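Just so you know, these numbers come straight off a predicted model, no measurement behind them.
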Amino acid sequence: MGKVLIIGAGGVGTVVAHKVAQNPDVFTEIMIASRTKSKCDAIVKAIGNPNIRTAQVDADNVDELVALFNSFKPEIVINVALPYQDLTIMEACLKSGVNYLDTANYEPKDVAHFEYSWQWAYKKHFEDAGLTAILGCGFDPGVSGIYTAYAAKHYFDEMQYLDIVDCNAGNHHKAFATNFNPEINIREITQNGRYYENGEWVTTQPLEIHKDLTYPNIGPRDSYLLYHEELESLVKNFPTIKRARFWMTFGQEYLTHLRVIQNIGMARIDEVDYNGVKIVPLQFLKAVLPNPQDLGENYEGETSIGCRIRGLKDGKERTYYVYNNCSHQEAYKETGMQGVSYTTGVPAMIGAMMFLKGLWKKPGVWNVEEFNPDPFMEQLNKQGLPWHEVFDKDLEV
């Protein structure tokens with residue numbers, strides 16, 4: 001049905017490649033490209049499909065991307081490179097007539113700032129080119145938005161309160177490690193918290209607000225309020241929402257390490273001079289921390305991510321909780337990666353599938369909740385991320 005080009009050969013890219021290869025009726029030709037071609041070749045070897053092509057490309061370089069796109073001629077690019085590279089890849093798609101999908105919003109290298117404005121600004125360009133750009137098609141953002149759209153379509157006349165809850169109850173047996181790119185992960189959680197209430201954004205200190213929330217099959221976990229990018233698009237696309245928040249669990253050992261990293265200046269994202277060489281402390285830290293791709297083999301436990309929603313149906317209050325639990329060990333058995341990579345990579349593949357099937361295809365730049373959630377929800381059950389629903393129970397939030 002379609003040619004797909006995957007940019008990025010990290011943990012998420014590895015999962016995307018495995019899942020794309022499992023659906024040959026949709027993805028007829030596959031290429032994996034990265035700054036380091038040997039990483040792409042290793043993924044192809046692990047999958048065992050010699051027909052998958054690989055290429056070297058610098059995703060910061062529009063001209064290199066355009067040359068690759070024009071050579072391979074994909075119908076859609078799945079961008080699972082770094083968020084810094086979203087705009088160069090979108091530019092190259094426009095110049096080459098290629099459709100686009102990513103899993104995280106653009107952020108500039110020199111400031112940890114999460115906002116869709118840069119990518120939303122491309123809306124008319126993609127419309128005029130007759131191309132589709134699908135933003136934030138991982139799990140959160142991604143499935144969290146699709147869950148919300150599904151709830152709005154089927155269960156609520158008016159959604160009022162939305163809480164996205166993200167628990168990783170796994171154990172990787174490392175003193176300190178991040179589950180995805182350490183640079184992005186640490187930038188994200190050391191920023192001020194932010195949530196939406198009554199038409200305004202409320203800012204909190206980093207990890208200032210926290211409470212125990214109970215996760216299915218896991219139990220109570222201390223959950224911290226963070227800002228997460230999908231809140232920005234969800235309150236725009238579902239204007240009846242009075243309050244929207246995002247919660248994530250962290251263990252005390254993780255938080256202690258994080259506090260030390262910040263206190264000694266290793267979380268800095270500005271350059272420092274070391275023996276005449278300019279280095280960014282956080283990028284140096286990334287080089288010495290465990291690689292998230294290498295955590296899977298000994299990872300035990302599971303993730304639990306979902307949406308807890310309260311609102312009105314037929315004039316009565318209703319609560320709704322929709323979630324997925326994902327086993328790190330099962331994810332590793334299937335793809336060689338741990339559950340955090342799996343929960344991001346599977347939805348990226350499904351989003352590209354939705355496009356190639358013509359179900360999510362309209363010129364412009366769109367967040368996932370602006371498409372029909374039903375066929376996507378159906379594929380989640382088929383592709384390894386089954387979901388569960390709880391009605392009219394205490395949401396704890």
Student: Are C326 and L385 side-chain neighbours, meaning at least one heavy-atom pair lies under 4.5 Å?
Tutor: yes
Student: Is the side chain of E64 donor-acceptor paired with the backbone N or O of D58 at a distance under 3.5 Å, no angle test?
Tutor: yes
Student: Classify the ring geometry of Y323 against Y321: parallel below 30°, tilted from 30° to 60°, perpendicular beyond 60°.
Tutor: tilted
Student: Under 4.5 Å between any side-chain heavy atoms of N381 and P386, yes or no?
Tutor: yes
Student: Checking Q85 against N79: is there a side-chain donor and acceptor pair closer than 3.5 Å?
Tutor: no
Student: Between Q119 (side chain) and L135 (backbone), is there a donor-acceptor pair under 3.5 Å?
Tutor: no
Student: Centre-to-centre under 6.0 Å for Y106 and Y84, is that the case here?
Tutor: no
Student: Are K95 and E91 close enough for a salt bridge, meaning some N to O gap below 4.0 Å?
Tutor: no
Student: Assess R243 against Y161: is NZ or CZ under 6.0 Å from the centre of the six-membered ring, and within 45 degrees of the ring's axis?
Tutor: no
Student: Could you work out, with ring-ring contact (aromatic ring centres under 6.0 Å, His included) as the rule, every residue matching W247, not counting sequence neighbours?
Tutor: none
Student: Test of understanding: with side-chain contact (heavy atoms from CB on, under 4.5 Å), list the residues that count as partners of Q329, not counting sequence neighbours.
Tutor: E300, S327
Student: With a 3.5 Å cut-off and no angle check, do the side chains of T203 and N192 form a donor-acceptor pair?
Tutor: no
Student: For the side-chain contact (heavy atoms from CB on, under 4.5 Å) test, which of Y224, Y215, Y254 pairs with T249?
Tutor: Y215
Student: Does any part of the side chain of P216, heavy atoms only, come nearer than 4.5 Å to the side chain of H388, both counted from C-beta?
Tutor: no
Student: Do I164 and L234 have side chains that get closer than 4.5 Å, going by heavy atoms?
Tutor: yes
Student: Are R35 and D60 ion-paired here, with the side-chain N under 4.0 Å from a carboxylate O?
Tutor: yes
Student: Answer yes when E396 and R308 have at least one side-chain N-carboxylate O distance shorter than 4.0 Å, and no when they do not.
Tutor: yes
Student: Indicate yes or no: does E197 engage K242 in a salt bridge with an N to O separation below 4.0 Å.
Tutor: no
Student: Specify whether Y299 and H172 have parallel, tilted or perpendicular ring planes, treating 30° as the upper limit for parallel and 60° as the lower limit for perpendicular.
Tutor: perpendicular
Student: What residue among W201, Y195, Y196 forms ring pair (Phe, Tyr, Trp, His ring centres under 6.0 Å) with Y227?
Tutor: W201
Student: Under 4.5 Å between any side-chain heavy atoms of Y150 and Y155, yes or no?
Tutor: yes
Student: Side chain of T335, backbone of Y332: donor and acceptor closer than 3.5 Å?
Tutor: no
Student: Is any side-chain N of the basic residue among K19 and E334 closer than 4.0 Å to the acidic one's carboxylate O?
Tutor: yes
Student: Pick one: which of K3, Q22, M349 meets side-chain contact (heavy atoms from CB on, under 4.5 Å) with F27?
Tutor: M349
Student: Will you find, in the side chains of Q262 and T190, an N or O donor that is under 3.5 Å from an N or O acceptor?
Tutor: no
Student: Identify whether NZ of Lys or CZ of Arg in K361 sits under 6.0 Å from the centre of the six-membered ring of F355 and within 45° of that ring's axis.
Tutor: yes
Student: State yes or no: are the ring centers of W366 and F126 separated by less than 6.0 Å?
Tutor: no
Student: Are K124 and E127 ion-paired here, with the side-chain N under 4.0 Å from a carboxylate O?
Tutor: no
Student: Checking side-chain polar atoms at under 3.5 Å, does D86 have a donor or acceptor matched by the opposite partner on N105?
Tutor: no
Student: Nearest 0.5 Å, what's the CD-SG distance between E389 and C307?
Tutor: 12.0 Å
Student: Check the orientation of H228 and F246. Use parallel for under 30°, tilted for 30 to 60°, and perpendicular for over 60°.
Tutor: parallel
Student: Do the side chain of E208 and the main chain of Q205 share a donor and acceptor less than 3.5 angstrom apart?
Tutor: yes
Student: Whether K362 engages the ring of W360 as a cation-pi pair (distance to the six-membered ring centre under 6.0 angstrom, angle to the ring normal within 45°) should be assessed.
Tutor: no
Student: In terms of side-chain geometry, is the basic nitrogen of D374 or K153 positioned less than 4.0 Å from the acidic oxygen of its partner?
Tutor: yes
Student: Does a side-chain heavy-atom distance below 4.5 Å link I89 with L65?
Tutor: yes
Student: When you compare the side chain of V340 with that of F139, does any pair of heavy atoms fall below 4.5 Å?
Tutor: no
Student: With a 4.0 Å cut-off on N to O distance, would you call R268 and D270 a salt bridge?
Tutor: yes
Student: May I ask you to test the F376-L359 pair for a side-chain heavy-atom distance under 4.5 Å?
Tutor: no
